[in-house]
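Written below as structure tokens is the structure these notes are about.
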Amino acid sequence: MESQGSCSVFDHVVRAPEDPILGVTVAYNKDQSPIKLNLGVGAYRTEEGKPLVLNVVRQAEQTLVNDKSRVKEYLPIVGLAEFNKQSAKLIFGSDSPAIQENRVTTVQCLSGTGSLRVGGEFLAWHYLERTIYIPVPTWGNHPKVFTLAGLSVKTYRYYDPATRGLDFQGMLEDLNSAPAGAIVLLHACAHNPTGVDPTLEQWEQIRQLIRLKGLLPFFDSAYQGFASGSLDSDAQSVRIFVADGGECLVAQSYAKNMGLYGERVGALSIVCKNADVAGRVESQLKLVIRPMYSNPPIHGASIVAMILRDRDMYNEWTIELKGMADRIISMRHQLFEALLARGTPGDWSHIIKQIGMFTFTGLNSEQVAFMTREYHIYMTSDGRISMAGLSSTTVPHLADAIHAAVTRVA
Ligand code: PLA
């Protein structure tokens, strides 16, 4: 039987490019150099450069394993009830009137990405204005997720490269000229990739404009607790929108703040005007989910539900989370100091001003390619660095690379 060389029914299939973010890890894994450094994907590493499983997660897992009454039955289509209840409290606040009034529906989804996708498909089926405005720049997967969900994607100005800060006027102008009812994707905190967030006063102005224009906010909350180290502070943007009684969607991820990346744990909440609408919305979310993946996985959600429900575990989580956030902030200071010490040309204060996991360095794609080639440092070509992948021992190497790139590559 001839198998080699014969015509395949897939002969016309062209090779697709690697993903701009996850492809960085693929390239990194191929590199044999002992000094290689992966600052591409936003994945937390310890000072020793190792992935971290939180103690509180280990503890929860142990308890789950030891509990013989736990079984592996299918979850309901909307996932684990306790997980959904606790997730809503985490993002909206434990005393949220919207939750008390039963006008929030929360469904467990496959991490942040799955929550965005389910929310996007629900909107494409049931919402009249099928246009979503996303910031420039934004997480590279956003336009793909929403386009495939069936929405048409447009953009609003967000980041000003000249000031390395928020283009607040541009943002307001673009939202103001969006058609009434359009959906607006907002990063709840720690904007990816820029690390630039609106102030609370600016959030309030954004809220007023969005409500005035009848736009529909869709929050992506992938970094709650990672921006400031406080879960409540990082939820403020979402909470001011919920407090005004209006409607919105929120996609939550536990990948970063609980370190559950590969467990794929997240939630989609839709805040509605009243309990009756929320119930009908939930019934339709089930119709989106059932043919997509039927129902979500049980393990990660059980871990999260246990940690969120148990006061001691919750407290331990907040301490471990703050530890991660603080280490990232300390990396910002160390990198900034290292560049100052080298007299690297340019103003690098944005390294300590930006918020969350990433620094948007301002390095161009040639400089990034140079750093990868000469220094084995892997990062996305837009100049984004995952600060969570750095440690005190690797900061000097990165600073040397940035210094060389800035002084030798235009
Ligand atoms: N939303 C934003 C803004 C993100 O940055 C990410 C992850 C997600 C959603 C999705 O996360 P989840 O599905 O794993 O919960 N962004 C990462 C990883 C950390 C990635 O690209 O998948 C990043 O490096 O940008």
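Remember, it's 1-based here, ligands and their atoms both numbered in the order they're listed.
Between Tyr375 and Phe370, the ring-plane angle classifies as tilted under the 30° and 60° cut-offs.
Not a single salt bridge (charged side-chain N to carboxylate O under 4.0 Å, His left out) links Arg58 to another residue, sequence neighbours left out. In terms of the side chain to side chain contact (heavy atoms under 4.5 Å, CB included) criterion, Ala325 has no residue partners (sequence neighbours excluded).
For Arg157 and Asp174, the salt-bridge test passes: some basic side-chain N is under 4.0 Å from an acidic carboxylate O.
Residue contacts with ligand 1: His191 is excluded, as none of its non-hydrogen atoms falls under 4.0 Å. Residue-ligand proximity: Lys256 is placed with a non-hydrogen atom under 4.0 Å from ligand 1.
Protein heavy atom in closest approach to atom 13 (O) of ligand 1: Thr113 OG1, 2.5 Å. Closest to atom 18 (C) of ligand 1 among all protein heavy atoms lies Val41 CG2, 3.8 Å.
Within the listing of ligand 1, atoms 23 (C), 24 (O), 25 (O) sit less than 4.0 angstrom from a heavy atom of Arg384. Every atom of ligand 1 with a heavy atom of Arg264 under 4.0 Å away is listed here by number and element: 12 (P), 13 (O), 14 (O).
Of the listed residues (Thr380, Val265, Asn192), the one carrying the non-hydrogen atom nearest atom 5 (O) of ligand 1 is Asn192. Nearest-heavy-atom check against atom 20 (C) of ligand 1 across Phe358, Trp139, Tyr44, Tyr223 picks out Trp139.
Between Leu209 and Glu204 there is no side-chain heavy-atom pair separated by less than 4.5 Å.
Contacts between Arg117 and ligand 1, counted as non-hydrogen atom pairs separated by less than 4.0 Å, are absent for every part of the residue.
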